[in-house]
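Below is one structure, written out as structure tokens; comments come after it.
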Amino acid sequence: MKKVIIIALGLGLALNLSAQRFLTKTGHIYFSSDAPLEKIEAHNRQVNAALDSRTGDFIFKVLMKSFAFEKALMQEHFNENYVESDLYPNAIFVGKIPNLDDVDFEKAGTYQVTVMGDMNLHGKSQKIEEDGVLVVSKDGIQATSTFNLEIADYDISIPGAVAGKIADEIQIHVDVNLKALNK
Amino acid sequence: MKTQLIIAILLLFAVPIMAQDDMMDLFAEEEPTADYTFATFKATKVVIGQSVENPGNGSLVFVIQHHFGRVNTGIEEFFGLDQATTRLGFEYGVNDWLALGLGRSMIEKTYDGSVKAKILRQQTGKRNIPISLSYFGSIAIQSMPWPEPERTNYFSSRISYANQLLIARKFSRAFSLQLIPTHIHRNLVEKKTDDNDVFSLGAGGRLKLSNRISLNAEYHYLLSQQTAEDFHNSFSVGIDIETGGHVFQLFATNSQGIIAQQFIARTDGDWLNGDIHIGFNISRSFQLKKKKQPKD
């Protein structure tokens, strides 16, 4: 009798392992704005990201307040005037890897992927589709991507007085090291 | 026997069902982090007096403060714009909680040095602190020629002090309020009956009109009897306009003086009488110490 339970539990465990999930809470995202009068860069090293290797679900949750700027005043303006992080604390991306079959999660290697989904930022949601790279190793998966966002798409307006200091298009750099979730 | 088997089968299924859970749940925080309230006020001044805000860590703020003459001097003095008193000042954020300041005002050729230290920061999350509390202290030294050089004059007679507690709360993203109990000490006063120590209770507020413009007001109620008899309570109302690295404050006040020792203890203008000064503060922030970005 007891054996049945043990076998069942064992089976459950096995199933869990094959339905792999990869997670990080210390992912790194930085963005750069390259305007004629000023270059701005801000880093966030507390990015939440999760990837399901079975379904291809790939999600990100980024706390806007965690972006660190070189200048204290910029950071305040970013939170207060632009992304309004008291109203919209997180940027959330919910997407999928459509070409999941190209990736062998069992085999170490570098795989080109496409990620498509909904980017929710400053209360606005936009469909995006970007290219990225997955590096699979025994330690986990490193996912990197560089892409651009138009800030106007997310209802963030730049006043005339700082027009030359903030670019219309912001470059986003994603670098997350996902570790297998074992429970 | 049968129930055990059922439990076993259920267990078997439980795992894949769990896998269907919202992946977002994986991000649930085990430990809440400190969530500091930012921008209780936009500038280091509410209108003419100190706010709980410090210059950012490593930033140097250059402040030009300007109070014109009285509006009721009429067209002859171009409503006060022909005369002006100014103060030039620097404020530096030494770290996240301490700021130092230096300045010089035209009135009585006064030099001042100040410290502003954050004691509590309004925050939620790991700890819940409903208010921000700062201490502001200033020493002012006037450098006018002695009115009676023939008698023995002491340098200490030139010195006056201001001590303030700044207690502020950002109630919503649009509204902040601050209480400002103040103690001012003058080493030398004009008349025997004058108060060497002046106490007042002030209040200031900010109401955000748009992302970059806010309406601010500040009032200081004199508690010391003699001073309250001889002088008026200082009241100022103005707007903050911010553009990038600048904050521009435009206001009307009954105080000619720019530092606390002057505007709290020695405001002689009366609003009802039209003794109103138009004024402005311009501050420009320079980041001297750059935050290091760790490289991967």
Side-chain angles (χ1 to χ4, degrees), chain A residues 1-2 4-9 11-16 19 21 23 25 28 30 38 41-43 45-46 48-52 54-55 57-59 61 63 65-66 68-77 79-82 84-87 89 92 94 157 159-162 165 175 181 183, chain B residues 1 4-5 7-16 18-30 33 35-39 42 53-59 61 93 96 170 172-174 208 210-212 241-247 285-296:
Chain A
M1 178 48 237
K2 265 206 180 122
V4 182
I5 295 172
I6 289 163
I7 289 166
L9 277 171
L11 267 169
L13 215 61
L15 262 172
N16 196 14
R21 277 180 165 182
L23 174 77
K25 291 185 173 186
H28 178 202
Y30 75 96
E38 192 144 30
E41 207 177 279
H43 293 254
R45 290 165 201 281
Q46 288 147 39
N48 288 309
L51 171 65
D52 190 317
R54 196 169 43 90
T55 59
D57 286 327
F58 203 1
I59 63 172
K61 186 176 172 192
L63 188 66
K65 267 191 183 174
S66 302
F69 289 69
E70 250 184 12
K71 298 185 182 178
L73 203 59
M74 275 183 184
Q75 192 161 332
E76 186 181 306
H77 289 163
N79 285 302
E80 163 113 349
N81 297 343
Y82 298 105
E84 302 183 84
S85 48
D86 48 349
L87 292 180
I92 289 171
V94 179
S157 61
V162 291
K165 293 185 175 176
D175 183 359
L181 196 67
K183 259 187 196 163
Chain B
M1 171 66 210
Q4 275 165 332
L5 195 67
I7 289 167
I9 290 166
L10 277 177
L11 267 170
L12 185 63
F13 279 107
V15 176
M18 253 162 60
Q20 301 290 324
D21 273 1
D22 189 0
M23 268 166 72
M24 281 289 170
D25 291 349
L26 297 174
F27 299 154
E29 293 292 331
E30 301 101 35
T33 49
D35 190 2
Y36 294 109
T37 302
F38 57 87
K42 258 299 72 131
E53 298 296 334
N54 278 10
N57 185 355
S59 15
V61 179
D96 283 333
K170 188 174 188 174
S172 72
R173 64 194 307 265
K208 219 165 125 172
S210 81
N211 258 356
R212 284 165 193 89
I241 303 163
E242 73 158 326
T243 58
H246 301 267
V247 180
S285 169
F286 303 93
Q287 189 77 22
L288 298 189
K289 205 161 64 186
K290 303 246 155 131
K291 209 179 265 176
K292 281 203 196 84
Q293 300 284 7
K295 292 276 171 247
D296 298 285

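The chains referred to below are lettered A, B, ... by the order of the sequence lines, with proteins before strands, and numbering in each begins at 1.
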A/Ser66 versus chain B, the contacting section by heavy-atom distance below 4.5 Å: neither

Does some side-chain heavy atom of A/Glu70 sit less than 4.5 Å from a side-chain heavy atom of B/Gln287? no

What's the separation between atom NE2 in B/His246 and atom CG in A/Leu73, rounded to the nearest 0.5 Å? 10.5 Å

Cut-off 4.5 Å, heavy atoms of chain B, and the answer for A/Tyr82 is side chain

Ion pair check, A/Glu80 and B/Lys170, cut-off under 4.0 Å: yes

Nearest heavy atoms of A/Ala50 and B/Leu26, plus distance in Å: CB-CD1, 3.9 Å

A side-chain contact here means heavy atoms from C-beta on lying under 4.5 Å apart; do A/Glu84 and B/Asn211 qualify? yes

Pick one of side chain, backbone, both or neither for A/Ile92, based on which atoms fall under 4.5 Å of a heavy atom in chain B. side chain

Turns out that what part of A/Lys65 lies under 4.5 Å from chain B's heavy atoms comes down to side chain

Does any heavy atom of chain B fall under 4.5 Å from the side chain of A/Ile59, the backbone, both, or neither of them? both

Nearest 0.5 Å, what's the CG-CZ distance between A/Asp86 and B/Arg173? 4.5 Å

I'd like to know if the side chain of A/Lys71 reaches the main chain of B/Gly56, judged simply by a donor and an acceptor atom lying under 3.5 Å from each other, with no hydrogens or angles considered. no

Between A/Ser157 and B/Arg212, the two heavy atoms sitting closest are O-NH2, 4.0 Å

